[in-house]
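If you're wondering where the values come from, they're calculated on a predicted model, not measured in any experiment.
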Amino acid sequence: MKWLSYQKARLLLRQCAHHSFLRPGKELHAVLTTSGLKKAPNSYLSNSLFQFYAASGDMCTAQKLFDEIPLSEKDNVDWTTLLSSFSRYGFLVDSMKLFVEMRRKRIEIDDVSVVCLFGVCAKLEDLGFGVQGHGVAVKMGFLTCVKVCNALMDVYGKCGFVSEVKRIFEALDEKSVVSWTVVLDTVVKWDGLERGREVFDEMPERNVVTWTVMVAGYLGAGFTDEALDLLAEMVFKCRWVHVYALKKAMMMGEEVNYDTVMVGTALVDMYAKCGNIDSSMKVFRLMHKRNVVTWNAMFSGLAMHGKGRMVIDMFSEMVREVKPDDLTFTAVLNLLGRAGRIEEAENLMREMHVPPNEVVLGSLLGSCSVHGKLETAERIKRELVQMSPGNTEYQVLMSNMYAAEGRNDIVDRLRGRMRNRGIRKTPGMSSIHANGSVHRFSSGDRSHPRTKEIYSKLNEVIERIRSAGYVPDVAGLVSPCEGDLENKEQALCCHSEKLAVCFGLLETKPRTPLHVFKNLRICKDCHAAMKIVSKVYDREIIIRDRNRFHQFKDGSCSCSDYW
DNA sequence: TTAGGGTTAG
């Protein structure tokens, strides 16, 4: 076997390890053993082999293969590979023992093995070992290596030694994104969110992990709105990453492997979730090879944008290419539901080989509400409440449905019961990104510094769209004073998404698209209003609500009013 | 004389 073939065998083993292809990996192992190729010196095959077993969760075989490597061939990389495998798969004590053994046997310790050791210390939050390792690293001159310092900072950070983290960080002359992110993580955890935010704002460069640390920090402390705002900002700021990825996708085709399919699929999904269904479709069509995940991403993207007709049209093409799975099923079901084919959807759901989950039931309930199917809705709601008693949205949806049917007696009873149990509607919040910062509004919000301008803009907007045919839809609302039309209309007019859009109209240049994020679903009235605003003001308005994107343009919405 | 081992979050 030629040298190149060893490389190929190693590549295959790595793929098998990465994607958990157990059978093929083991078969390859057998071939290599029986053909005697495994014994070839300097092939690094044994290393790839035991790495494969470690990644498959079979640490025993991995260790056995490691032990079988002849001493003359076992180098420090083999030792470090085992060390990192122990660490990665949670055998932390074994990992520690191995490092001690390495020192005893005078195996060469290099920067990589020290990084691995610090990884273990960090996971164990073992300061004692960390300090010892720190000493070794200093003596051997490893503290000039950024990665060593990052790993060491993480040890101190996990153990709460914030000042030591900062000291090492300051001493570092070339700080990487990871260095900054470790500091950020430490500060958020021990110095609090505000200090963390300062570090975050100071950072010269950020990656996905950085954003995640900050968002997770907000979420963990219960600052849901700040987390939401930051997410919105992240989507906005990271857009260039998508452009780069698209270029990569364009080059696909010469050699199609699992990874390029996944890159493409991630793109299809990303573009759809960012409100750009056209780019999503473009990438999908560009891909030379697709798998069932790609198709599902495309379908749920289309569903999210209300393009159900397209899914149905494309379905036969899909069946020819790949075998649909349960996720495809969910996506198609969702469509049927939106299109008002509730009975078909429910039958399909009941025949599924897996019991319906909350997502499926929730989407069906949503469909019932759009199409006024009260009895089915009641039945499904009961199942949902059993699944997650804490979720208030289903109750609110039901009471709105009864309100729409004019059954105010039932609505009052339901709302009274909800109040008694302490169930309150989650307040609706909308964020808009304008001129580099995020602005958040709640319904009837008057806390914004430019609140006066915003409300006078709101009056202007309402007037202009009224003369273009907008009629406030008060059917789904019950105001405190029965039959008080004016009150109802006022409540509708200052919904958070309307305020956000008015601010956007004030703050951005004509014809700039407006991007709004909302934590709940957009209401019917706002939906109708936005359509007219987009026409009257010649603005594209993209609202991401809890379920989907609504792209309002020239008087209509991309969701085709499946709402 | 190259190839195999590494850091941050969830």
With sequence neighbours excluded, what pairs up with A:Arg167 under the side chain to side chain donor-acceptor pair (under 3.5 Å) test?
A:Glu164
Is there a donor N/O on one and an acceptor N/O on the other, under 3.5 Å, for the side chain of A:Asn47 and the base of B:dG5?
no
I need the CD1-C1' distance between A:Ile69 and B:dG5, as an integer number of Å.
12 Å
Rounded to whole angstrom units, what separation is found between the NZ atom of A:Lys74 and the P atom of B:dG5?
18 Å
How many Å lie between CG on A:Leu45 and P on B:dG5, as a whole number?
13 Å
Write out a two-atom table: protein N or O, nucleotide N or O from nucleotides 6-10 of chain B, distance below 3.5 Å.
residue: B:dG6; atom: OP1; partner: A:Arg88; partner atom: NH2; Å: 2.1
residue: B:dT7; atom: O2; partner: A:Asn150; partner atom: ND2; Å: 2.6
residue: B:dA9; atom: OP1; partner: A:Lys158; partner atom: NZ; Å: 2.9

Check: residues 88-98 of chain A side-chain donor-acceptor pairs under 3.5 Å, at least two apart:
residue: A:Ser95; atom: OG; partner: A:Leu83; partner atom: O; Å: 3.1

With sequence neighbours left out, what residues match A:Asp185 under salt bridge (Lys or Arg N to Asp or Glu O under 4.0 Å)?
none
Using the test side-chain contact (heavy atoms from CB on, under 4.5 Å), find all partners of A:Lys166 that sit at least two apart in sequence or belong to another chain.
A:Val162, A:Val187, A:Asp191
For the residue pair A:Thr181 and A:Thr210, confirm or rule out a side-chain donor-acceptor distance under 3.5 Å.
yes
N/O donor-acceptor pair, side chain A:Asp110 with base B:dG5, under 3.5 angstrom:
yes
Sequence-distant partners of A:Thr294, side-chain contact (heavy atoms from CB on, under 4.5 Å), two or more places apart
A:Val261, A:Thr265, A:Phe284, A:Met287, A:Arg290, A:Asn291
For A:Tyr53 and B:dG5, what is the distance between atoms OH and C1' respectively, to the nearest whole Å?
20 Å
